There are 2 protein chains.
Amino acid sequence: MHKYSKQTRLLLAVDCIIFGFDGETLKILLIQRGFQPEKGNWSLMGGFVQPTESIDQAANRILKQLTGLEGVYLEQLHTFGDTNRDPIERTASVAYFALIDIHKYETQLNTEYHAEWFPLKRIPKLVFDHQDMVEGAKRRIRYKAALHPILFELLPTKFTIPQLQTLYESVFNTTIDKRNFSKRVLATGLLIKLSEKDKAGSKRGAYYYQLNMQNYYAKFQAFLNFIPNPDTLHL
Amino acid sequence: MHKYSKQTRLLLAVDCIIFGFDGETLKILLIQRGFQPEKGNWSLMGGFVQPTESIDQAANRILKQLTGLEGVYLEQLHTFGDTNRDPIERTASVAYFALIDIHKYETQLNTEYHAEWFPLKRIPKLVFDHQDMVEGAKRRIRYKAALHPILFELLPTKFTIPQLQTLYESVFNTTIDKRNFSKRVLATGLLIKLSEKDKAGSKRGAYYYQLNMQNYYAKFQAFLNFIPNPDTLHL
DNA sequence: GCAAAAGTGTTGCTATTACACCCATGC
DNA sequence: GCATGGGTGTAATAGCAACACTTTTGC
């Protein structure tokens, strides 16, 4: 027995929405598409799934190609499969989103792809259905961040509470009372206070914190409401 | 300009996890696979994406083939793409989950596929990676139901509060105080009390309710916690 | 008349919000 | 010495959980 005869095969691609936080606003990394069609237009970083790799592996490969990074937060978002989304040939695309520490991003890789960071509020027109992918990723990151501590993935190992607060305010486009915010954050037990201070943002300096990885992994799936005894949830 | 030459095409399939609620427990609908490989073994309902249809359309088509139903709740879950998940030929599969009113399911379609409902706790061994798909769907339905009122999709148009509570208890595998539950549910404004009673479950009878569709659509994206002013969320 | 399920209110507690002042330092 | 951002506590409120008895009716 060999093949499923009479079935049509199609191209399968991966596209990555790469988030970064520069201390001010949330941004995504876009490239200028290097081949036809739509050559030169702004696009997500993507590529075709190869015969020897899983889709997850393809996503990791593509992320590394552009950023030089491995082992960062990468999650499958949604698969886009309208028949005519690529005018050349039918191609389904599995979108992934990544959260990276923007400082670890190696700018030199830029040149090959003409990559640039764009604030979420100033995304240019994108090729194909990439605009929909970005919209989906924005929704998903908010959704997930409202329930799970994923935003730490956007920060360096050492960060301050004001930095963290700015990040949350940026993602949710809101303002938060700093007393309540720090109480809440510290109450999670996710943070370890360091003795060192960050003097960049202010004269007095703000204490650095780092993640308590033990608690981070343990509590990653926590939170939630609505159901009385959430101990039974185990998402 | 014609094709992306030198790229490998592959098969794209859709598999559906179909949930139903019989008043007692949450169940999924499985079929006996009708062709090789793994012919005769328990499987999710699935099929290949055709050249003329989008992936969503393929999922709806496959769901209708097995259940006779259209226009029901159907959501993309995840795409599975390990290189060797199908031993015959590389096939990626987009998993969808559906929530249907089990009473609308047309049993006569059964015969062709030898379909059967299985309680979530008694799922037989499944072909390929379908076990993983079911696990993912279980997690997703809980996750989503904890935040959004999707479980109504599993009930008939008219239902009672005790029925609804049993459903929640079944999905979350927990018990809920009925006074608190009815308070909470009624406070959402999602329900309209009917004058008619369901006398099946008890001698006294329980009032039927139906969804206030206006509020249902409006509040579908509501709920949530953790972020102070959730009005800015707009998931 | 009794068994079985439906329906309903109150109270205590916990979590969340709102809010204002002092501190440390570089210039 | 003053401007800038960092750090901290308390009181009022709202939301949530715990809890028990009465009602209806088929048998």
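Below, chains carry the letters A, B, ... as their sequence lines are ordered, and counting in each starts from 1. Treat the numbers as computed from the prediction; the structure is a model and nothing was measured.
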When rounded to whole Å, the CZ to P distance for the pair B:R184 and D:dC16 reads 6 Å

In whole angstroms, the gap separating P of D:dG6 from CG of A:L164 amounts to 13 Å

Residue pair B:N180/B:Q163 against DNA chain C: nearer the 5' end by closest nucleotide is B:Q163

Separation of C:dG9 atom C1' from B:L186 atom CG, nearest Å, is 14 Å

All heavy atoms of A:A59 vs all of A:C16, minimum pair found to be O-SG, 4.0 Å

Does A:R179 have a side-chain nitrogen or oxygen under 4.0 Å from the phosphate oxygens OP1 or OP2 of D:dG6? no

Whole-Å distance, B:F181 CZ to D:dC16 P, equals 14 Å

Residues in residues 195-207 of chain A with a heavy atom under 4.0 Å of DNA chain D, by number, are A:G201, A:S202, A:K203, A:R204, A:G205, A:A206, A:Y207

| message | Check the orientation of A:W42 and A:F118. Use parallel for under 30°, tilted for 30 to 60°, and perpendicular for over 60°. | response | perpendicular

Whole-Å distance, B:K183 NZ to C:dA6 C1', equals 16 Å

Separation of C:dC19 atom C1' from A:I176 atom CD1, nearest Å, is 16 Å

Assess, by modelled atom type and distance only, whether the side chains of B:T160 and B:D198 contain a donor and an acceptor separated by less than 3.5 Å. no

In whole angstroms, the gap separating P of D:dT4 from NZ of A:K178 amounts to 14 Å

Under 3.5 Å, is there a donor on one side chain and an acceptor on the other for B:Y96 and B:N60? no

Item to complete: For residues B:H148 and A:Y143, establish whether the separation of their ring centroids is below 6.0 Å.
Response: yes

Separation of D:dG6 atom P from A:Y208 atom OH, nearest Å, is 12 Å

Which of B:Y207, B:F152, B:Y209 passes ring-ring contact (aromatic ring centres under 6.0 Å, His included) with B:F159? Answer is B:F152

